[in-house]
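Quick note on labels: first sequence line is chain A, next is B, and so on, each numbered from 1.
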Amino acid sequence: LSLVDLQARVPALRISTRDTDRLNYARDLYPLTHIWMGEAKVGQRPRAICWPASTQEVAAVVQWALETATPLVPYGAGSGVCGGTLPGPDTLIVDLKAMRAVVDFDERSLLVRVQPGMLGEDLERWLAKRGYTLGHFPSSIYCSSVGGWLAARSGGQFSTKYGKIEDMVVSQELVLPDGKIVRTATTPRAATGPDWDQLFVGSEGTLGFITEATLRVCLAPEIRHFRAFRYPSVPAALEGMRAVMQAGLRPAVTRLYDEIDTFLVGSKKPAPESKPFDAEPMSSLKGKLKGEPAFLQAAHRAAFRHPKLIHALVDALPGSCLLIFMFEGNTILTDAEASEAWAILKQSGGKDLGSAPAEAWYETRYHVSYRQSAIYAADAFVDTCEVATTWSAIEDLYFGMLRAVRPHAIIMAHFSHAYHEGVNIYFTFAAHAGDADGKEQLYQKIWKTLMESCLRYGGTISHHHGIGFSKQAWLAQELGGGMEVFQAAKRALDPHGIMNPGKMGLGNGGRV
Amino acid sequence: MSSVASLPVIGQPVREALGVLFGEHVSFRKTDRLAYHRDLMPGSLLTVREGEASTCPDAIVWPQTVQDIVALLALANEHKFPIVPYGAGSSVVGAAIPIRGGVICDLKRKARLVRMDEKSLLYTAEAGILGEDLERKLNAAGFTCGHFPSSMYCSTLGGWLAMRSAGQMSTRYGKIEDLVVSLEAVLPSGQVIQTRNAPRSATGPDIDQLLVGSEGTLGVITRATLRMFPLPETRRFASAVFATVEQGLEAVRSIMRIGCRPAVVRLYDEVDTALALSSLGLDVTGNLLILGYEGRERIVSSELAASHEALADGRDLGEEPGKWWFEHRYKISYKQSIILANDRMVLDTLEVAATWTRVLDVYAAVKKALEGYVTVLAHFSHAYPEGINIYFSFVGHAGETRPVEFHQEMWRRALGAVAESGGSISHHHGIGLLKAPWLKRELGGLHEAFVAFKAELDPNNILNPGKMGLP
């Protein structure tokens with residue numbers, strides 16, 4: 001009855017209750033759902049999916065959901081890795097990809113106003129054509145949307161120069177859970193109370209819909225400087241990275257690979273041709289990824305079964321870590337920053353490897369995310385965990401988390417988003433377990449170990465993937481009492497709990 | 001001064017309980033209550049000049065520990081009296097005025113620099129530390145806080161955070177919301193929160209950014225960890241005089257657009273150059289632009305070189321005006337009493353930010369709205385790649401009108417013009433009492449959300465009630 005009613009109210013609204021669509025939206029890129037899929041298991045399917053084409057249609061859907069007590073899940077491109085868009089059986093998925101236009105471009109003020117369903121690749125191409133860049137390059141750029149970036153507090157690969165998504169957003173249009181359409185002011189900065197944009201950035205669909213955003217853009221870079229350095233150990237390389245950041249320099253990229261990650265990066269071949277701008281077409285990428293050699297699959301399989309052996313092997317190798325840098329921007333400023341950085345890095349004991357390893361990273365930077373299927377094919381699983389802390393605590397956090405996880409999985413790390421006061425760690429872990437139940441159990445056990453050791457050593461449990469469904473058990477401890485503030489905002493804005501219930505430790509938000 | 005004797009909102013049992021909790025660190029004395037009945041909102045100075053006082057607080061307490069504050073909030077929740085968190089009282093929008101009486105919670109005894117983490121370039125300090133003390137302590141260890149509001153001598157760290165402060169070198173070092181990494185606060189319920197000391201998190205809405213700018217309405221900020229910076233190797237200035245404001249703004253825009261981060265960017269319009277700067281002894285006419293870079297030698301040189309072309313439309317005045325500004329940068333705020341000594345004179349300041357596309361409209365609209373009413377001086381400071389802040393100063397003679405009313409009319413005209421021309425009503429002074437009616441207009445439906453959020457966090461409405469358009 002009620003979906004018919006929704007259709008009657010918004011005749012132009014596309015709604016689907018087809019099984020194929022419901023199956024598609026039963027999962028996002030949360031790796032546990034991959035594990036399920038491998039076992040032909042399916043998560044909860046939503047009741048229906050709709051594709052509103054305007055803010056008014058979103059507001060009408062919200063009105064209808066309020067009246068019918070229907071849970072809503074805002075949906076971008078479904079690339080979340082924490083299960084943030086997983087539906088319940090009554091859920092109406094609100095997919096925003098029909099709202100994907102650039103609404104306004106203020107070149108004078110370097111601001112672009114864009115709808116939430118626009119994909120990262122499309123926006124970056126649109127800007128590149130005009131001589132600009134957003135500077136936001138998450139590895140999901142081909143399969144994530146502007147709205148998703150904001151809702152899940154995304155951080156891109158060049159965030160050290162251009163900022164994370166919260167630094168780029170100047171204003172938003174929102175549909176609140178009572179159906180009201182509101183806008184924040186498009187102004188460089190305001191002292192007009194709490195920062196309301198920052199309430200919705202990171203709210204992961206629990207507080208309302210982001211229906212439009214105004215983002216800062218930058219001039220496309222005139223020049224790029226690449227360089228790589230080798231260090232004998234992770235702590236030594238971290239000191240080099242810290243020295244550059246605390247000198248006030250702003251590399252677009254600074255990435256440090258630990259011993260295992262360095263070994264794997266070194267084995268990657270650079271792409272044959274480089275592209276004139278940053279977003280490479282998906283089609284060309286697919287070609288490069290075909291045909292993972294069979295021996296590599298066998299090696300994967302053997303390795304995942306024996307993590308301790310692999311770690312012992314790596315510990316026995318002479319230590320070697322790769323630290324890569326890229327500076328870009330205005331020629332005069334970038335030349336000075338790069339030469340200052342290279343001097344600092346040499347002084348800190350880095351061995352200059354020239355530009356090639358950094359350029360190779362740049363050319364293949366979106367590939368790694370598309371290599372995971374080989375691991376699943378080897379009957380293992382792989383996932384990533386991104387945490388962050390201050391420079392004083394980083395070694396304890398890195399070694400502490402490694403020690404905790406090593407009995408269960410192969411684990412490696414790189415450090416990829418550096419700050420004045422600290423850095424993030426991006427762990428990749430892979431493991432193998434015999435039967436299906438064992439796999440899910442092992443997966444959960446590893447995550448519990450990661451989260452508990454992270455909190456024990458003073459890290460934040462997510463640097464840029466978010467909380468969603470998978471990390472919600474640890475959010476209250478993460479926030480140190482701040483959960484009361486989040487809950488108050490939830491009750492104030494969404495007293496009926498229709499927005500993305502069951503996520504972020506908010507329970508069902510008072511829903512019956 | 002009749003209203004000192006206004007009806008107390010706290011009764012004898014509360015007075016006794018405060019005595020037990022705070023001992024010698026509570027005052028019910030008339031002189032203290034008068035001293036805390038206003039802040040630096042010029043409107044309240046005009047009222048005092050007329051020999052009147054608005055509502056006084058019933059008591060002032062000086063807590064030393066977080067537990068003191070937790071106990072105070074428990075008492076307030078039980079007896080339903082207002083608490084106004086108080087730093088150094090330098091608010092110019094009335095944020096610290098106890099309009100409904102109750103208890104002033106002055107944090108200046110919580111003023112320790114708790115720790116410096118030299119490896120992470122972070123310091124942790126208690127909320128009541130004064131800007132000047134903080135900066136001197138950091139300087140002694142070779143660091144700077146990078147935050148230099150003109151109230152540096154009479155504002156606190158807690159006040160900066162609560163009011164969303166911005167310093168004179170914010171274009172390089174960031175505003176207070178960019179500098180803070182974590183904070184400790186007491187929520188109205190008495191819950192003590194300590195946010196995570198991480199460079200960045202994707203763990204839900206940024207709780208720090210909800211408390212920053214909340215002006216004492218959502219919690220009492222008791223301690224915070226912020227970025228500090230090595231003292232700069234070098235500091236260099238450039239300056240030029242432009243025939244028009246437009247040309248000067250265009251120069252700033254092109255400098256910001258390519259990615260320069262000047263520590264100082266200040267463009268004074270002709271009137272401000274003539275009146276404010278010359279009153280301090282600088283002899284320049286026209287629209288003066290001062291640029292200052294600081295940091296590492298090689299980077300500063302490159303930024304000066306990259307800025308050079310942008311100054312081509314102006315007449316180069318070299319380093320001197322910048323150096324002169326740096327020496328005099330805190331003096332102007334202390335010149336106001338000379339003007340206010342004349343009991344018909346009024347003055348005030350208004351800071352509004354706008355995108356580059358709108359900034360000239362806002363500038364022109366405010367000048368037009370006040371033409372023939374008061375003298376308007378303006379400079380442009382706090383530049384961004386997407387826009388800039390305009391800092392207006394208004395000086396006028398009330399003539400036959402009562403100065404308080406003349407002053408109110410001035411604000412109605414100025415903020416009306418801002419709202420209509422697309423500016424935001426405050427860049428860094430905040431909302432408090434003064435701008436509360438316009439905040440509702442600026443936020444629209446979000447203001448209702450703010451009211452609901454406040455009611456959830458503070459159901460008894462004990463924290464700084466009646467400010468920012470809240471109940």
Item checked: Atom group of A:His465 that falls short of 4.5 Å from chain B, counting heavy atoms -> backbone
Margin query: Given heavy-atom pairs under 4.5 angstrom as the criterion, report whether the side chain, backbone, both or neither of A:Ile394 touches chain B.
Written below: neither
Notebook entry, point to check: So which of A:Gly459, A:Ser109, A:Gly202, A:Gly329 has the biggest tally of heavy-atom pairs under 4.5 Å with chain B?
Noted result: A:Ser109
Next item on the list: Applying side-chain hydrogen bond (donor to acceptor under 3.5 Å, both in side chains), name anything that partners A:Tyr419, two or more places apart in sequence or on another chain.
Entry: A:His463
Margin query: On a heavy-atom basis, which atom in A:Phe486 and which in B:Ile207 lie closest, and how many Å separate them?
Written below: N-CD1, 4.2 Å
Next item on the list: Identify the two heavy atoms, one from A:Tyr132 and one from B:Arg257, that lie closest to each other, and give their separation to 0.1 Å.
Entry: OH-NH2, 2.9 Å
Notebook entry, point to check: Around B:Lys440, counting heavy atoms of other residues, nucleotides and ligands shown, do more than 12 lie under 6.0 Å from its NZ?
Noted result: no
Next item on the list: Measure distances from B:Leu457 to the heavy atoms of chain A and classify the residue's part below 4.5 Å as side chain, backbone, both or neither.
Entry: both
Next item on the list: With a 4.5 angstrom heavy-atom cut-off, could you sort out which part of A:Arg108 is near chain B: side chain, backbone, both or neither?
Entry: both
Next item on the list: To the nearest 0.5 angstrom, please state how far the CD atom of A:Glu484 sits from the CD atom of B:Gln191.
Entry: 5.0 Å
Item checked: B:Phe453 portion near chain A, given a 4.5 angstrom heavy-atom threshold -> both
Check: B:Ala455, B:Gly445, B:Ser201: which one forms the most heavy-atom pairs within less than 4.5 Å of chain A?
Finding: B:Ser201
Next item on the list: Please flag which part of A:Leu199 lies under 4.5 Å from any non-hydrogen atom of chain B: side chain, backbone, both or neither.
Entry: both
Notebook entry, point to check: Counting heavy-atom pairs under 4.5 Å to chain B, which of A:Ala336, A:Ala152, A:Gly193, A:Gly482 comes out on top?
Noted result: A:Gly193
Check: In Å and rounded to the nearest 0.5 Å, what is the CG to SG distance from A:Asn330 to B:Cys260?
Finding: 6.5 Å
Next item on the list: Tell me, for A:Glu239 versus chain B, whether the close heavy atoms (under 4.5 Å) come from the side chain, the backbone, both or neither.
Entry: side chain
Note to self: Just so I understand: if I count every heavy-atom pair under 4.5 Å between each of B:Met228, B:Glu118, B:Lys435, B:Arg298 and chain A, which residue has the most?
What the structure shows: B:Arg298
Checklist line | Region of A:Ala343 in contact with chain B, defined by heavy-atom distances below 4.5 Å | finding: side chain
Next item on the list: Tell me, for B:Leu122 versus chain A, whether the close heavy atoms (under 4.5 Å) come from the side chain, the backbone, both or neither.
Entry: side chain
Note to self: Which one wins on heavy-atom pair count under 4.5 Å against chain A: B:Glu448, B:Met468, B:Arg296?
What the structure shows: B:Arg296
Check: With only heavy atoms counted, which part of B:Glu297 is less than 4.5 Å from chain A, the side chain, the backbone, both or neither?
Finding: neither
Item checked: Segment of B:Glu351 engaging chain A (4.5 angstrom heavy-atom cut-off) -> neither
Note to self: At a 4.5 Å cut-off on heavy atoms, which part of B:Ser182 comes close to chain A: side chain, backbone, both, or neither?
What the structure shows: neither
Next item on the list: Mind checking salt bridge (Lys or Arg N to Asp or Glu O under 4.0 Å) for A:Lys161 and listing every partner two or more places apart, or none if nothing turns up?
Entry: none
Next item on the list: Select one option (side chain, backbone, both, neither) describing which atoms of A:Val485 are under 4.5 Å from chain B's heavy atoms.
Entry: both
Checklist line | Toward chain B, the part of A:Leu333 with a non-hydrogen atom under 4.5 Å | finding: both
Checklist line | Residue selection (most heavy-atom pairs with chain B, distance under 4.5 Å) from A:His417, A:Glu166, A:Glu337 | finding: A:Glu166
Check: How are the rings of A:His420 and B:Phe229 set to each other: parallel, tilted or perpendicular (split at 30° and 60°)?
Finding: tilted
Margin query: Please find the pair of heavy atoms, one from B:Arg358 and one from A:Thr186, that lie closest to each other, and give the distance.
Written below: NH1-O, 4.0 Å
Check: Nearest 0.5 Å, what's the CG-OG1 distance between A:Leu110 and B:Thr355?
Finding: 11.0 Å
Next item on the list: With a 4.5 angstrom heavy-atom cut-off, could you sort out which part of A:Arg183 is near chain B: side chain, backbone, both or neither?
Entry: backbone
Item checked: chain A contact via B:Val192 - which portion, at a heavy-atom distance below 4.5 Å -> backbone
Check: Contact part of A:Ala185 toward chain B, heavy-atom cut-off under 4.5 Å: side chain, backbone, both or neither?
Finding: side chain
Next item on the list: Mind ranking A:Gly505, A:Gly422, A:Gly480, A:Pro194 by heavy-atom pairs under 4.5 Å with chain B and telling me who comes out on top?
Entry: A:Pro194
Check: Looking at B:Gly295, B:Ala449, B:Gly219, B:Ala353, which makes the most heavy-atom pairs under 4.5 Å with chain A?
Finding: B:Ala353
Next item on the list: Using non-hydrogen atoms and a 4.5 Å limit, figure out which bit of B:Met163 sits close to chain A: side chain, backbone, both or neither.
Entry: backbone
Next item on the list: To the nearest 0.5 angstrom, please state how far the OG1 atom of A:Thr192 sits from the CZ atom of B:Phe450.
Entry: 9.5 Å
Check: When only pairs under 4.5 Å are counted, which of B:Gly204, B:Ala185, B:Ala198, B:Gly430 shares the most heavy-atom pairs with chain A?
Finding: B:Gly204
Note to self: Need one label for A:Ala393: side chain, backbone, both or neither, based on atoms under 4.5 Å from any heavy atom in chain B.
What the structure shows: neither
Check: Taking all atoms of both residues into account, what is the closest heavy-atom pair of A:Ala191 and B:His428, and its distance?
Finding: CB-CA, 3.6 Å
Note to self: What part of A:Asp195 gets within 4.5 angstrom of chain B, counting heavy atoms only: side chain, backbone, both, or neither?
What the structure shows: both
Notebook entry, point to check: What is the minimum heavy-atom distance between A:Ala388 and B:Arg200, and which atoms define it?
Noted result: CB-O, 4.0 Å
Notebook entry, point to check: Quick one: does B:His382's side chain get under 4.5 Å of A:Arg189's, heavy atoms only?
Noted result: no
Margin query: What's the separation between atom CG in A:Leu475 and atom OG1 in B:Thr203, rounded to the nearest 0.5 Å?
Written below: 6.0 Å
Checklist line | A:Arg242 portion near chain B, given a 4.5 angstrom heavy-atom threshold | finding: side chain
Next item on the list: May I ask you to name which of B:Ala354, B:Gly423, B:Pro230 has the most heavy-atom pairs under 4.5 Å with chain A?
Entry: B:Ala354
Item checked: Shortest non-hydrogen contact from B:Asn197 toward A:Thr389 -> O-OG1, 4.4 Å
Checklist line | chain B contact via A:Leu479 - which portion, at a heavy-atom distance below 4.5 Å | finding: both
Notebook entry, point to check: For B:Asp206, is it the side chain, the backbone, both or neither that has a heavy atom under 4.5 Å from a heavy atom of chain A?
Noted result: both
Next item on the list: Under 4.5 Å heavy-atom distance to chain A, tell me which part of B:Ile431 shows up: side chain, backbone, both or neither.
Entry: both
Margin query: Heavy-atom pairs under 4.5 Å with chain B - which of A:Ala247, A:Ala418, A:Ser203 has more of them than the others?
Written below: A:Ala247
Notebook entry, point to check: Does a donor on one side chain sit under 3.5 Å from an acceptor on the other, for A:Thr187 and B:Ser424?
Noted result: no
Checklist line | Proximal component of B:Val212, with respect to chain A [non-hydrogen, under 4.5 Å] | finding: backbone
Checklist line | Working for side-chain contact (heavy atoms from CB on, under 4.5 Å), residues A:Glu421 and B:Leu226 | finding: CA-CA 9 Å; A:Glu421 67 275 17; B:Leu226 293 95; over 6 Å; no
Notebook entry, point to check: When only pairs under 4.5 Å are counted, which of A:Glu478, A:Met504, A:Lys180 shares the most heavy-atom pairs with chain B?
Noted result: A:Glu478
Next item on the list: Please flag which part of B:Leu218 lies under 4.5 Å from any non-hydrogen atom of chain A: side chain, backbone, both or neither.
Entry: side chain
Check: B:Leu121 versus chain A, heavy atoms under 4.5 Å apart: side chain, backbone, both or neither?
Finding: both
